[in-house]
Amino acid sequence: MVNPQSNGLKVKLGDYNSILGRASASFGYEIKSENNNLNVYVKTGIVREFDGDTYYKLNNSKENHSFKGNWWNNGVGVSSQLNQKHTIYFDLESSLGNKFDSLQVNGGYRYSF
C-alpha cells in the first residue's frame, strides 16, 4: 500500500571510500603567568580528496557523483590553562573549497587529575 502522504520519490545513496591528504601549518603564541597559561594560535592548510566517487538513484535513475577536489582549511583559537588542572578552549574553523563550504565552532573544558 502506498503512503497517501508520499510523493512517490524513491532515493538510494551509494557508499564511497575517502582518501584525504593534508598539508598544513600552525602558528601560536603562549603567554605564561604563575598559575595560568594562555595560548593563541592560527592554522591553515590545504586538503585533497583523492577518492570519493559515489552514486545516487532517484526513482531507479542512477546518477554519478564525485567528492574529489581541494579545499582550504583555516582556523583561529585560544586555550587557557587555569591553576594547572583546568583548561578551557575555543576555536573557529572554516573550510572553503571545491564541493562545499563549512564553518565550525568548538569549545570545551578539560579537568586534569
Side-chain angles (χ1 to χ4, degrees):
M1 182 171 170
V2 176
N3 182 346
Q5 295 178 348
S6 172
N7 63 5
L9 180 64
K10 295 177 185 176
V11 178
K12 180 181 180 191
L13 302 174
D15 58 352
Y16 68 95
N17 295 318
S18 178
I19 299 174
L20 295 176
R22 177 184 304 259
S24 58
S26 297
F27 305 95
Y29 183 74
E30 182 176 34
I31 302 167
K32 292 184 178 184
S33 68
E34 282 185 33
N35 293 325
N36 304 326
N37 292 337
L38 180 69
N39 292 294
V40 180
Y41 61 89
V42 296
K43 57 186 177 180
T44 187
I46 189 165
V47 183
R48 168 87 176 156
E49 172 62 75
F50 291 99
D51 200 355
D53 292 329
T54 188
Y55 70 92
Y56 60 93
K57 288 184 179 179
L58 300 175
N59 289 340
N60 295 321
S61 175
K62 186 176 179 180
E63 299 290 332
N64 293 319
H65 183 75
S66 178
F67 289 102
K68 290 180 184 175
N70 303 318
W71 65 91
W72 285 103
N73 182 252
N74 300 297
V76 296
V78 63
S79 68
S80 179
Q81 184 177 8
L82 311 170
N83 300 327
Q84 304 298 320
K85 293 192 176 204
H86 307 276
T87 304
I88 56 173
Y89 67 90
F90 174 81
D91 72 7
L92 179 65
E93 192 171 300
S94 71
S95 294
L96 305 171
N98 188 32
K99 301 293 181 185
F100 62 90
D101 295 336
S102 72
L103 183 63
Q104 181 176 337
V105 178
N106 300 302
Y109 167 79
R110 181 176 68 193
Y111 177 76
S112 301
F113 54 93

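We're numbering straight along the sequence, starting at 1.
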Would you say [X] and [Y] are hydrophobically clustered, going by side-chain heavy atoms of ILVMFWY under 4.5 Å?
X: Leu82; Y: Val40; result: no
X: Tyr89; Y: Tyr109; result: no
X: Val78; Y: Val105; result: yes
X: Phe50; Y: Phe67; result: no
X: Leu38; Y: Tyr29; result: yes

Okay, side chain of [X], backbone of [Y]: is any donor-acceptor separation there less than 3.5 Å?
X: Asp101; Y: Gly97; result: yes
X: Asn7; Y: Leu9; result: yes
X: Thr54; Y: Asp15; result: yes
X: Glu49; Y: Ile19; result: yes
X: Asp91; Y: Val76; result: no

Checklist line | Nearest heavy atoms of Trp71 and Leu20, plus distance in Å | finding: CH2-CD2, 3.7 Å

Notebook entry, point to check: Which atom pair, heavy atoms only, marks the closest approach of Asn73 to Ser95?
Noted result: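 For Asn73 versus Ser95, the nearest heavy atoms are ND2-OG, 2.9 Å.
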
What's the separation between atom [atom1] in [X] and atom [atom2] in [Y], rounded to the nearest 0.5 Å?
X: Lys57; Y: Leu13; atom1: NZ; atom2: CG; value: 11.5 Å
X: Asn37; Y: Glu30; atom1: CG; atom2: CD; value: 4.5 Å
X: Arg48; Y: Lys68; atom1: CZ; atom2: NZ; value: 8.0 Å
X: Lys32; Y: Gln81; atom1: NZ; atom2: CD; value: 10.0 Å
X: Lys10; Y: Ser61; atom1: NZ; atom2: OG; value: 13.5 Å
X: Lys12; Y: Asn59; atom1: NZ; atom2: CG; value: 14.0 Å

Margin query: Would you say the rings of His86 and Tyr111 are close, in the sense that their centroids are separated by under 6.0 Å?
Written below: yes

Notebook entry, point to check: Taking atom types as modelled, is there a side-chain donor on Ser18 or Asp51 under 3.5 Å from an acceptor on the other?
Noted result: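 Not at all, the side chains of Ser18 and Asp51 share no donor-acceptor pair under 3.5 Å.
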
Next item on the list: Determine, stepwise, if the pair Glu63 / Leu58 fulfils side-chain contact (heavy atoms from CB on, under 4.5 Å).
Entry: CA-CA 8 Å; Glu63 299 290 332; Leu58 300 175; 5.6 Å; no

Note to self: Is it true that, when you exclude Tyr55 itself, more than 12 heavy atoms of the residues, nucleotides or ligands shown sit nearer than 6.0 Å to its OH?
What the structure shows: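 Yes.
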
Checklist line | Heavy atoms from other residues, nucleotides or ligands near CG of Asn64 exceed 12 (cutoff 6.0 Å) | finding: yes

Next item on the list: Report the C-alpha distance between Thr44 and Trp72 in whole Å, list the side-chain angles of each, state the deciding distance to 0.1 Å, and finish with yes or no for side-chain contact (heavy atoms from CB on, under 4.5 Å).
Entry: CA-CA 7 Å; Thr44 187; Trp72 285 103; 4.2 Å; yes

Note to self: For Leu103 and Leu92: C-alpha separation, side-chain torsions, deciding distance, then whether side-chain contact (heavy atoms from CB on, under 4.5 Å) applies.
What the structure shows: CA-CA 7 Å; Leu103 183 63; Leu92 179 65; 3.6 Å; yes

